[in-house]
Protein chains: 2
Amino acid sequence: MGVGDTIQSVERAAGILRLLASGPRELGVAELARAMELPKGTLHGILRTLVHVGFVEQDATTGRYRLGGTLLHLGSSYLDVNELRTRSLNWADALAGRSRESVWIGTLHEGGVLVVHHVFRPDDSMQVLQVGTLLPAHATALGKVLLAYDPYGESAKEPLAAHTPATLVTADALAKELELVRGRGWAADLEELVEGEVSIAAPIRDRRAVTVGAIGVRGAVERLAEDGEPRRDLVSYVRDAARAITRDLSR
Amino acid sequence: MGVGDTIQSVERAAGILRLLASGPRELGVAELARAMELPKGTLHGILRTLVHVGFVEQDATTGRYRLGGTLLHLGSSYLDVNELRTRSLNWADALAGRSRESVWIGTLHEGGVLVVHHVFRPDDSMQVLQVGTLLPAHATALGKVLLAYDPYGESAKEPLAAHTPATLVTADALAKELELVRGRGWAADLEELVEGEVSIAAPIRDRRAVTVGAIGVRGAVERLAEDGEPRRDLVSYVRDAARAITRDLSR
DNA sequence: CCGATGCGTTCGGCAATGCCGAACATGCGA
DNA sequence: TCGCATGTTCGGCATTGCCGAACGCATCGG
């Protein structure tokens with residue numbers, strides 16, 4: 001086992017979990033074997049172990065496999081550990097109160113934006129909690145902020161998916177946009193992910209001034225924008241909240 | 001690799017994740033090695049793999065390890081897969097609206113109650129989302145319902161922890177309580193987990209009539225109870241919601 | 001009714017895999 | 001400045017678990 005090597009079975013187990021998480025459907029051994037190009041027997045051994053530790057559950061009647069509850073528990077533990085989230089809980093609530101819009105906090109993760117906190121819009125029911133979701137980075141204000149200030153600057157990823165007609169789909173357009181973001185210190189997405197929805201975000205930094213996350217609001221274009229521009233008062237609310245959390249994190 | 005055996009490295013990896021999730025603190029290789037009674041080198045190999053797949057992150061300065069964002073993502077995927085939760089989203093909202101209290105949905109998992117859904121109390125801010133939390137089964141209405149109808153009937157677990165003076169701590173008292181629950185079809189917890197808080201719950205069954213979860217409300221004793229008894233109107237709201245979801249699941 | 005086809009599971013043999021322990025580099029505290 | 005504790009590397013060995021074929025069972029179609 002040389003340096004840089006990884007443990008085969010653990011990596012395969014992670015691959016299985018990823019596949020099970022990628023769709024809402026349960027998967028069978030044979031299906032997984034085809035997808036991963038491994039013998040059925042091999043996968044069965046790993047699956048048996050994953051069931052044993054609770055990461056995977058097996059349907060009693062069909063014999064197929066799905067994710068297990070232990071993963072939900074571990075995932076929520078991540079939230080407790082995450083310093084960015086715990087420090088920003090109160091500020092996110094305050095921002096939701098001032099802006100009267102839903103508030104989102106995210107980090108860069110595997111090329112997307114991992115939502116680590118989400119406050120519902122006040123006085124509006126029937127919203128689905130999005131914590132744990134992976135949003136496309138190039139089509140959200142949160143993502144643009146994170147890409148613009150990413151210390152590793154690895155913006156080049158898979159081709160940019162077009163979610164609406166307004167989505168930036170060329171690497172060039174995105175690079176220009178990120179330049180703009182760096183210049184003014186905040187980002188916006190004008191119906192680039194969902195038609196009719198706008199988002200605004202600003203960066204959160206840690207004590208060494210590296211950007212570790214972003215906070216923003218998201219809501220209907222009628223409320224968040226005026227004359228095709230994000231409302232200035234909302235922009236300053238968002239930036240204020242981001243600065244407050246940054247101050248909190250650098251103590 | 002005989003039948004019933006499990007893959008060593010995968011099981012060890014799961015153990016590491018459990019340890020990292022058990023406390024809010026980051027852990028070092030040496031610390032983990034002591035806890036699991038394994039050589040440092042062995043653990044390092046597993047940790048390197050876990051970092052590689054994103055299940056674990058390593059602090060750049062201290063070198064210690066913490067849970068990674070991928071776990072949050074996998075955990076939230078579990079919620080999408082979970083049929084109990086997806087089917088009951090609307091009913092939970094409705095129950096929150098009628099009862100004007102926070103609504104909880106849970107399943108039995110590893111001897112506790114895994115919270116798979118949680119609706120905030122209407123018109124009340126500053127609540128923390130508890131999805132993914134493991135609640136003690138013997139001290140909550142959700143847990144009592146689930147234990148009472150558990151097909152495997154494995155109620156005997158570790159000693160019952162006393163969270164308040166009212167917590168049922170003897171196996172005898174719990175058995176009597178479960179008998180009562182089975183008799184009337186719903187359960188209550190009167191300040192048995194948190195002083196001043198009461199919860200009420202009823203069972204959710206699937207198409208084969210086995211209990212797969214429970215739904216309930218939780219709130220201040222002044223609102224949920226009268227004369228030391230759960231309010232009857234709330235009890236029937238909860239039971240109605242449980243029946244509605246059961247009907248939904250058996251279609 | 002009965003092949004045929006798919007499924008999840010079992011199992012033995014073989015060698016690749018990854019476990020171990022000692023040595024190394026680094027950083028912190030005394 | 002010394003010493004101890006940390007995270008990391010690495011080579012050798014045998015244990016580990018990977019593989020592929022065979023099994024029992026369910027489902028489907030002729």
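Considering only side-chain N and O atoms, His44(A) lies under 4.0 angstrom from the phosphate OP1 or OP2 of dT9(C). A sub-4.0 Å separation between OP1 or OP2 of dT9(C) and a side-chain N or O of Tyr65(A) is present. Considering only side-chain N and O atoms, Arg34(A) lies nowhere under 4.0 angstrom from the phosphate OP1 or OP2 of dG6(C). Taking only side-chain nitrogens and oxygens, Gln58(B) never comes nearer than 4.0 Å to OP1 or OP2 of dT6(D).
Residue Glu31(B) is out of contact with every strand shown, counting any heavy-atom pair closer than 4.0 Å.
Set against dG8(C), dC20(C), dC19(D), the side chain of Thr42(B) has dC20(C) as its closest nucleotide.
Heavy-atom distances under 4.0 Å link DNA chain C to no residue of residues 14-23 of chain B.
Atom CG in Leu38(A) sits about 12 Å away from atom P in dT17(C), given to the nearest Å. Straight-line distance from the CG atom of Asp5(B) to the P atom of dT9(C): 16 Å, rounded to whole Å. With rounding to whole Å, Leu32(A) atom CG is found 8 Å from dG8(C) atom P. The CZ-P distance, from Arg48(A) to dC18(D), rounds to 11 Å in whole Å. Rounded to an integer number of Å, the gap from Asp59(B) CG to dG27(C) P is 14 Å. If you measure from atom CZ of Arg12(B) to atom C1' of dC20(C), you get 10 Å, rounded to the nearest angstrom. Atom CD of Glu37(A) and atom P of dC18(D) are 17 Å apart (whole Å). Per the geometry, CD1 belonging to Ile7(B) stands 12 Å off C1' belonging to dC19(D), to the nearest Å.
Ranked by how close their nearest DNA chain C nucleotide is to the 5' end, Lys40(A) and Ser9(B) are led by Lys40(A). Checking Gln8(A) against Leu47(A), the closest nucleotide of DNA chain C that is more toward the 5' end is the one next to Leu47(A).
One finds no salt bridge joining Arg64(A) and Glu57(A) here, because no Lys/Arg side-chain nitrogen approaches an Asp/Glu carboxylate oxygen to under 4.0 Å. Taking 4.0 Å as the cut-off between side-chain N and carboxylate O, Arg218(B) and Asp189(B) count as a salt-bridged pair. Between Glu177(A) and Arg182(A), none of the side-chain N atoms (NZ, or NE/NH1/NH2) sits under 4.0 Å from a carboxylate O, so this pair counts as no salt bridge.
Rounding to the nearest 0.5 angstrom, the gap separating the NE2 atom in His138(A) from the NZ atom in Lys144(A) is 9.5 Å.
Remark: Gln130(B) engages Trp104(B), His118(B), Thr133(B) in a side-chain contact (heavy atoms from CB on, under 4.5 Å) (not counting sequence neighbours).
Of the possible donor and acceptor atoms, none in the side chain of Arg66(B) sits under 3.5 Å from a partner among the backbone N and O of Asn82(A). Without hydrogens or angle criteria, Thr49(B) side chain to Ile7(A) main chain gives a donor-acceptor distance under 3.5 Å.
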